[in-house]
Amino acid sequence: MEYSLFIKPKELFIDIVNPHDYVQIDSVSHMYQSLKTSVQKPLKMILLYGRPGTGKSMLLHKLHHDLSKHQKVFMIDIPIIDENDFLRVLAQKIYGYVNREVITLTSFLELASAVNYPQTPLVLLDEAQLYSAALMEKIRLISDARALKFVITLHKTDDEDIIAKEHFQTRIWESIELRNATPDELKIYIQKKLLKSNCFDIANMINDKNIKIITKLTKGNYRDANKLMFSLFSLYAWFEEHYPNKINYNSLKPKWIEMAAIHTGLIHA
Amino acid sequence: MLDIPSLERRWLKYKIKHFLPYVALIVILLLIPIIMISLYSNNNASLPDIKKENNPKKIQLIVPMNEEPMVLEPSMQFIQSLPAPTSETNAISPSTLKITPKAVISQKSAPPIQSSEIKPITAVLPVTSSVIQTKQTNKPSSINRDTAAFDIHEIEERFKNNSNPHLGLYIARYHYDHTNYSEAYNYALKTNAINNTIEESWLIFIKSLIKLGKTDQAKKTLQLYISQSNSDSAKILLDSLEKEESK
Ligand SMILES: Nc1ncnc2c1ncn2[C@@H]1O[C@H](COP(=O)(O)OP(=O)(O)OP(=O)(O)O)[C@@H](O)[C@H]1O
Ligand SMILES: [Mg+2]
C-alpha cells in the first residue's frame with residue numbers, strides 16, 4: 001500500500017493503555033499529582049474512580065511507570081479473582097516467594113514482615129469492582145497491617161454505585177474522581193496525541209468546530225474519542241485511496257465525523 | 001473494514017431523521033405569519049375603502065374649519081343630499097370663498113337664524129367641489145344651478161355678460177330662497193325681459209312682489225301673465241292671493 005497520511009494518526013487512537021502515550025491534560029495532571037502525594041502519605045488505601053473511559057487505567061499505569069524507578073510497586077491490571085492466586089502472585093512479585101501451595105493470609109503477613117522495604121510496597125489494582133467482597137476484606141487486612149499500600153480503581157456506573165457499597169466506604173482513605181473531558185481538554189488531548197507523533201498536518205486539520213462536534217458525540221469520554229478518531233482516520237484513509245480529491249485538508253468534514261460516529265455506534269442510525 | 005457507501009446512506013438517513021423536527025418547526029413557524037397575514041388582510045379587505053371615504057371628508061372639514069368650524073359641521077349632510085357637483089374649477093379660490101359668505105350676509109334683510117342655517121351651503125359646497133373636481137379636470141364645465149349656488153356674485157357677473165335666461169332664473173330663485181326678495185324681483189324681471197315664456201321666472205317675480213308687500217302689482221302682473229300663458233300654477237297663485245285678501 002502506498003504511503004498514507006492517515007494511517008499513523010489512526011493507529012494513535014487505538015484504545016490501549018500505554019503510559020508512554022500519556023498526555024498531560026491540566027485537570028488530569030492535577031489529579032495525578034495529588035495521587036502521587038497521597039501515595040507518599042501513610043494511607044492504607046487510595047481510590048481512583050470515575051466512569052468508564054475517563055482514564056483511570058491510564059493514570060494507574062502512569063503511576064506504576066513513574067514510581068517503579070524509585071520504589072517497589074506492583075500492578076495487577078487484569079484482576080486476579082481467585083483469592084489463593086491473588087496472594088500467591090503478590091508473594092511472588094513483591095517478596096520473590098515462589099510457592100505452588102496455598103498461601104494463607106497469616107503466612108502472607110508473616111512473609112511481609114520478614115522482608116524489609118524502605119517504603120511500604122505499593123500495589124495497584126485496576127478494575128477493583130471485579131474483586132469479591134471476601135478478597136476485598138483480605139486486601140483491607142493486608143493494608144491495615146501496613147504490609148502493603150493499595151491504589152484501586154473503580155468503575156462508576158449509573159445503576160451501581162460501588163463506592164457507596166459498605167465494604168469500600170469504611171476502608172477508603174482517599175478517593176479521586178476522574179471525569180469526562182471538556183471541549184478544551186479534548187482538544188488538547190487529540191492535538192497533543194497527534195503532535196507527539198509529528199502528525200502536524202492532521203493536527204492542523206482539526207478546528208474548534210470539529211472539536212465541538214467530537215465533544216458532543218463523545219461527551220468528552222476519552223475512550224469514545226479514541227474510537228471515533230480511529231474510525232474517522234480509517235475513513236479518511238479510505239477516501240485518500242479512492243477519492244483523494246474529496247478530502248479537504250483545511251478542516252475535518254463534519255459529515256465524515258458523523259459517519260465515523262455512526263460506525264462506532266455513537267450515533268444510532 | 002469500512003463500508004463507506006453504506007455509511008453514507010446511514011448518515012443521510014440520520015440527517016433526515018435529525019432535521020425533520022426542525023424542518024417541521026420552521027415550516028410551521030413560516031406558515032403561521034402567512035396564515036395570519038392572509039387572515040388579517042381578509043378581515044381588512046373593507047378597511048382601505050373606509051379610509052378612502054374618510055380622506056375626502058377630512059379635507060372637506062379641514063378647509064372650511066379655518067373660517068367657521070362650528071357652522072360648517074352640519075353642512076356635511078347638505079353635501080351628501082345635494083346632487084353630484086360639477087364645477088368651473090379655476091374660478092374657485094380660497095379668497096373668493098372668504099368673501100362670499102360676507103357678501104351674502106351683507107345683502108340679507110331676513111332674520112339671522114335663517115341665514116346662518118343656509119349660509120353653510122354656500123360656504124361649504126365650493127370647497128368640497130373644488131377639492132374633488134380640481135383633481136379630476138381642469139376643463140370648465142357648463143354652469144348649472146349647483147355651481148352657481150355657492151358664489152352668486154360670480155354667476156351674477158356671468159349673467160351680466162351672457163344674459164342667459166336660465167342663469168337669470170337661477171339667480172332669481174336663489175335670492176328668493178334666500179329671502180332677498182328685491183334681488184329675486186330684479187333678476188326675475190331681467191329674465192322675463194330676455195325670455196318671457198319662463199313660467200317659473202314669472203312666478204318668482206310675482207311672489208317677490210307679494211313678499212315685498214306689493215300685492216296689487218302682483219295681482220295685476222298675475223292676471224296679465226295668466227291671460228298670456230294660461231298657466232295653472234299662476235291661476236292657483238292668484239286664487240290663493242284673492243282668498244288671502246278676502247279674509
Ligand atoms: N491522560 C491521557 N493520556 C493519554 N491517553 C489517555 C489519557 N486518559 C485517557 N486516555 C486514553 O483513553 C482511553 C480510556 O482510558 P482508560 O482505559 O484509562 O479509562 P478507564 O477509566 O480505565 O476506563 P474503564 O473504567 O472502562 O477501565 C485509553 O485508551 C487511554 O489511552
Ligand atoms: Mg480501565
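Residue numbers start from 1 in every chain, and the chains themselves are labelled A, B, ... in the order their sequence lines are given, proteins ahead of strands. If you're wondering where the values come from, they're calculated on a predicted model, not measured in any experiment.
Within 6.0 Å of the OH atom in A/Tyr249, the count of heavy atoms belonging to other residues, nucleotides or ligands exceeds 12. Within a 6.0 Å radius of NZ in B/Lys211, no more than 12 heavy atoms belonging to other residues, nucleotides or ligands are found. Heavy atoms of other residues, nucleotides or ligands lying less than 6.0 angstrom from NZ of A/Lys219 number 12 at most. No more than 12 heavy atoms of other residues, nucleotides or ligands lie within 6.0 Å of CZ in A/Arg179, so this atom counts as exposed by the packing criterion. The environment of CG in B/Asp3 is crowded: more than 12 heavy-atom neighbours from other residues, nucleotides or ligands sit within 6.0 Å.
In plain terms, the two heavy atoms of B/Trp11 and A/Ile262 that are nearest each other are CA-CD1, 3.4 Å. Nearest approach of B/Leu2 to A/Ser231, heavy atoms of both residues: CD1-O, 3.8 Å. Across every non-hydrogen atom of A/Leu235 and B/Leu7, the tightest pair is CD1-CD1, 4.1 Å.
Comparing B/Lys13, B/Lys17, B/Lys15, B/His18 by how many heavy-atom pairs each has under 4.5 Å with chain A, the most go to B/Lys15.
In this structure the side chain of A/Met259 reaches within 4.5 angstrom of the side chain of B/Ile4, judged on heavy atoms. The shortest distance between side-chain heavy atoms of A/Lys255 and B/Glu8 falls below 4.5 Å.
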